[in-house]
Structure formats: structure tokens, C-alpha cells
Amino acid sequence: IFLAKFDAKMTTMLSRVRGVMSSRQVEMMGLGLFAVGAYLDLHVIDPRRAILPDLVFPLFRLLPPELSHRAAIRAAQLRLLPGSLKVSNQPIPSLETQLWGRNFANPIGIAAGFDKNGEAIQGLFGSGAGFIEIGSITPKPQKGNEKPRVFRLSKDEAVINRYGFNNDGLDVVEKRLRKLVRTPEEPKYDEDGDLIKGEDVIRSRLQTNGFVGINLGKNKETVDAADDYVRGVMRLAKFADYLVINVSSPNTPNLRDLQKKSELEELLIAVKSARDSASITGDFFPPPILLKVAPDLNLNERKDISQVALKYADGLIVSNTTIDRPDSLVDKEKAKQTGGLSGKPLKEKSTEMIKDMFKFTSGKLPIIGVGGVSNANDAMEKIRAGASMVQIYTPLVYHGPQLINKIKFDMKDFLEKEGAKNISQYVGVDTWNEMRKEDPTWVHQAKIDEQTFKARPSWEKALSKESPYKYMAAPTDPKSGVKK
């Protein structure tokens, strides 16, 4: 409101001074005012109310999609993302999420594919994201598929891409990440000369305001896929806060075949062994291994992957882009393009898959939800389905990087209104509730015991009347009939 009134007064003033100032002077005054506005936008104003994005990001969409993507990466490199860094990075205790021994400031991340080569990691954290995933990275550099290979479906707030793992390769990315490695802290001793132990929570390997995941892929011409992933793990594990095995991109021939049970089991055994070998020196904590899966899998394939992941992975990313084209798409012509569809049309499909994978793993494997998250309601929907955290990519194309802060603060407001202490209380509540209604014995079939639930932050709330957990608070042993 203040800026609108200020703008109206400045317009009136400028109309009066035109008679006494040259056009050049008026132009310089306008540029000066724009510079002041830009400074306020970047360093003072609440990022949810930043004005520059509404002016700048529509201009980005006038560029061809891939050129616009490069421009956005360049802007992030120069740290020109809108919104006060003080506001973007302010702690929000209710959104803090602990996974794999790491304390994420918030559960909103930027998905792989945006910063494919780790060029703008530090700048992207200015968006307020709790974590960023770079990649996919292949052992050898490759140019990807022929251009044009990315298409906006603006009316659907969607994107179709067939990039094909275009990236700089291991050598270049490793060199780039090496410059960001956090300098080990000097050991501290008390008055008696005893070593003072540090915090139990694992810090990021890189000098960033959050955690960095590294997404690994295979080269197009590679025959032995496992070898490519193993090479990636051996070279980049030391920089990663988590590693992602991407076997679900639709743009690399035969890649999705690796999701078959036997192939996937062999691959994950090799990857896990490589991770353990790379971290055997003890110089860094072994990064958890996450598996990124496709949303186009049938129910039996989802069950198979869940069982393999429970044995050999530390988490799941659900999901990658889809090769389906829903009838609801408005832009029928662009929908004919081959490649993976992302954005709003993927939202329901990815959420349903999150529910399935959460159900098939009995909630024992953390899930990062991806697909069509464009507001706080979308994020909460995926969390309630079973995701511990969510990632964003395509909605940034249409709403700009300030979207992350908007989602964060809207979620914070929601939790305060509900009287909830932490976002983790909502992980999987809808799925637990649905399964209990469908099958009262499901808790026992899933082999979920009291200890499992006590480990969940929502255990205390589980005893309340409002909670869908209440019927699980004291399960009855089906054999003896005695309440546990």
C-alpha cells in the first residue's frame, strides 16, 4: 500500500518537473528510483510481498524456455533473487525437519534439473529453500537431446522437457564443488584438556545455508549402468548431504528398465557398497542414498520397488516427470511433444504415488514429494500423504523464486492456527487414516509396533481425540486379544 501511494505521488511529481528538467534527467531519476526499489526488494521487504518478481519474471517468460532457464541460473549466481535474505533465512522452528541425522531448516527444496551443474548453489539458498538438489550428473559430459527440447504449457502451468541429462560431467562438477567444501573446525578443549564434543546433528559438507543433494544419472551410450552410478558415488559422495539414484527419467533410452526388481536390487547393492567404500576414511558422514522413481509405474511395480528400497535405500523421491498426457491439458498442440510432463497436471498423480509408497513401506522410509507443488496447500497435501519434505521446480517458472518463501510462511501460519508444534506431526496422517478405515487389521499386517510410533514426533498428539492416530495408540494383539 505504501509503495502504491508512493508511486502515485512520484508520478504526479514527475509530471510537474518535466517542464523544468530534461528528459535525460527524468530518465536518470527513474533509474535511481528503480535502483532504490530493487535494493528494498532484495534486502528489506518481506519476500512474500516483493514487487520486482511481478515485473521481471513475466519478461523471463518472453524468452525461449531454455534461454530463460539459463538466465535464471545466471541471476541466482549473481545472487539477484528477490526478498530480504534476513527474512528468507530466518529460523522457523515449526518447519524444522530432522532426517538422516540432519536438521533441515524447512521441508521445501529445489528439485534436480534446475541447477543441473551446481553452478548457483549458494545463490539459490537466497530463495529460502531448506535444501537444493543438483544434477542429474553423469560420468562423462553430454549435450543431451537436440533442441528445442523444453516447452511451456502456460495455460496448464506445466512444462514438457526432453533434456536428456545434459550436464558438465563429473570432472567439472567435482572441481566446482571442491571450492565450496566447508573448512573443518579446529577441535576445542575444556579447562581440563578434554575434547569438547560438537553437536550431534550433522552439518552440510558445503558452505551453504542448507543441505545439498546430488542427483546421479548414466550416460546415454553406457551399457553397464551400475558402473556409471558407482563412479558418480565414488567421486561425489564426499560433497553430498544425500545422494539420489535417478532411474526414472523418461528422456534416456532404457533408463526406466532399471526400476525392475532384479535390476534395481543389483544396482542399489553396488551403489551402497560404493558409498560405504568412499566414506571408509571417516572424513565425512556417509550420505543417505535416495531412489527417484517414475509416477507411471503400476501397483505391482510400486510394491516391488518399495521392498527393494526398504532393504537397500535410505529414502525415496516421488516422483519424476510423467509420459502420460491427461485429457485435462488445455494446450493440446504442445502436449503432443515427447518428453516428461511436470507441473500442475502431475500433482494428483504424484500425490497418489506418495500414498502408495508410504503405505507399502509402512512409513519407515522417508519420502521427498515432487510434482505440482505451487502453494502451501499443495505442500501440505503431499506431506499428509506421506512425504517428509517436498521439492519445487516447474512452479518456479510461473511464479518465480519468491514462491518458496510464500509457501514457507503460509505453512508457518497454518501450523500456528492449528496449534501444531512441528510440520512432522502431519507426515502421512491422511494415508494412515485411509488404511485404517479400509482395513482395521492393517496396522498388524504392516508390522508397525509401538516403538515405531513413539519415534514419530506426532506420538503425543496421537493420543488426542482429534487425531486419526487415536485408534492406534493402544493396538490389540490379534493372537492374545491383550492391548499392548
Side-chain angles (χ1 to χ4, degrees), residues 66 69 73 109-119 121 132-146 149-150 161-174 176-177 212-237 239-260 263-264 266-272 274-275 278 287-297 305 309 312-313 315-323 338-340 342 368 370 391 393:
E66 191 160 350
H69 185 180
I73 290 295
I110 296 178
F114 189 81
D115 186 4
K116 291 176 176 290
N117 299 300
E119 299 172 271
I121 294 173
I132 290 167
E133 190 175 312
I134 66 170
S136 294
I137 298 161
T138 57
K140 298 176 183 177
Q142 60 183 29
K143 294 181 179 179
N145 296 320
E146 291 185 8
R149 52 193 178 182
V150 56
N161 92 81
R162 51 173 181 263
Y163 273 120
F165 285 171
N166 55 312
N167 71 103
D168 293 339
L170 284 177
D171 289 341
V172 173
V173 175
E174 181 180 14
R176 194 173 284 142
L177 294 177
V212 178
I214 299 179
N215 187 303
L216 301 174
K218 67 175 278 291
N219 283 110
K220 185 176 181 179
E221 306 300 330
T222 297
V223 177
D224 184 358
D227 184 62
D228 272 13
Y229 289 102
V230 165
R231 289 168 65 188
V233 170
M234 294 299 291
R235 295 279 294 277
L236 300 183
F239 306 112
D241 295 309
Y242 67 87
L243 289 167
V244 181
I245 306 305
N246 186 354
V247 291
S248 51
S249 170
N251 303 315
T252 298
N254 305 319
L255 183 71
R256 288 189 168 188
D257 290 345
L258 295 173
Q259 294 177 118
K260 294 177 181 177
E263 286 86 343
L264 184 60
E266 290 179 12
L267 173 62
L268 289 180
I269 289 173
V271 164
K272 192 172 182 180
R275 188 272 312 268
I289 295 170
L290 279 64
L291 181 67
K292 188 165 187 175
V293 293
D296 307 311
L297 298 164
I305 287 176
Y312 303 109
L316 294 167
I317 297 185
V318 182
S319 67
N320 214 316
T321 57
T322 179
I323 56 175
T338 59
S342 61
I368 296 178
V370 200
Q391 288 178 327
Y393 180 179

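All values reported here derive from a predicted model rather than from experimental measurement.
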Can any side-chain N or O of [X] pair as donor or acceptor with the backbone N or O of [Y] at less than 3.5 Å?
| X | Y | result |
| --- | --- | --- |
| D241 | V212 | yes |
| N166 | G164 | no |
| D228 | T222 | no |
| E119 | I73 | no |
| R256 | S248 | yes |

With a 4.5 Å heavy-atom cut-off, do [X] and [Y] have their side chains touching?
| X | Y | answer |
| --- | --- | --- |
| D257 | K260 | yes |
| Y312 | I269 | yes |
| V173 | F239 | no |
| I121 | I134 | yes |
| I214 | L216 | yes |
| R231 | M234 | no |
| N167 | S136 | no |

Inset, instruction - Give me the one residue out of K140, Q142, K116, R176 that meets side-chain hydrogen bond (donor to acceptor under 3.5 Å, both in side chains) with D168. - result: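 The residue from K140, Q142, K116, R176 that satisfies side-chain hydrogen bond (donor to acceptor under 3.5 Å, both in side chains) with D168 turns out to be R176.
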Legend entry - Cationic N near anionic O, under 4.0 Å, R235 to D171: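 A salt bridge is present here (some side-chain N lies under 4.0 Å from a carboxylate O).
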Legend entry - A111: partners by side chain to side chain contact (heavy atoms under 4.5 Å, CB included), with sequence neighbours left out: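 Here the qualifying residues are V370, Q391, Y393.
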Legend entry - Heavy-atom closest contact (P287 atom, A237 atom, distance):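 For P287 and A237, the tightest heavy-atom pair comes out as CG-O, 3.7 Å.
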Legend entry - From CA spacing to verdict: side chain to side chain donor-acceptor pair (under 3.5 Å), N254, T252: CA-CA 6 Å; N254 305 319; T252 298; over 6 Å; no
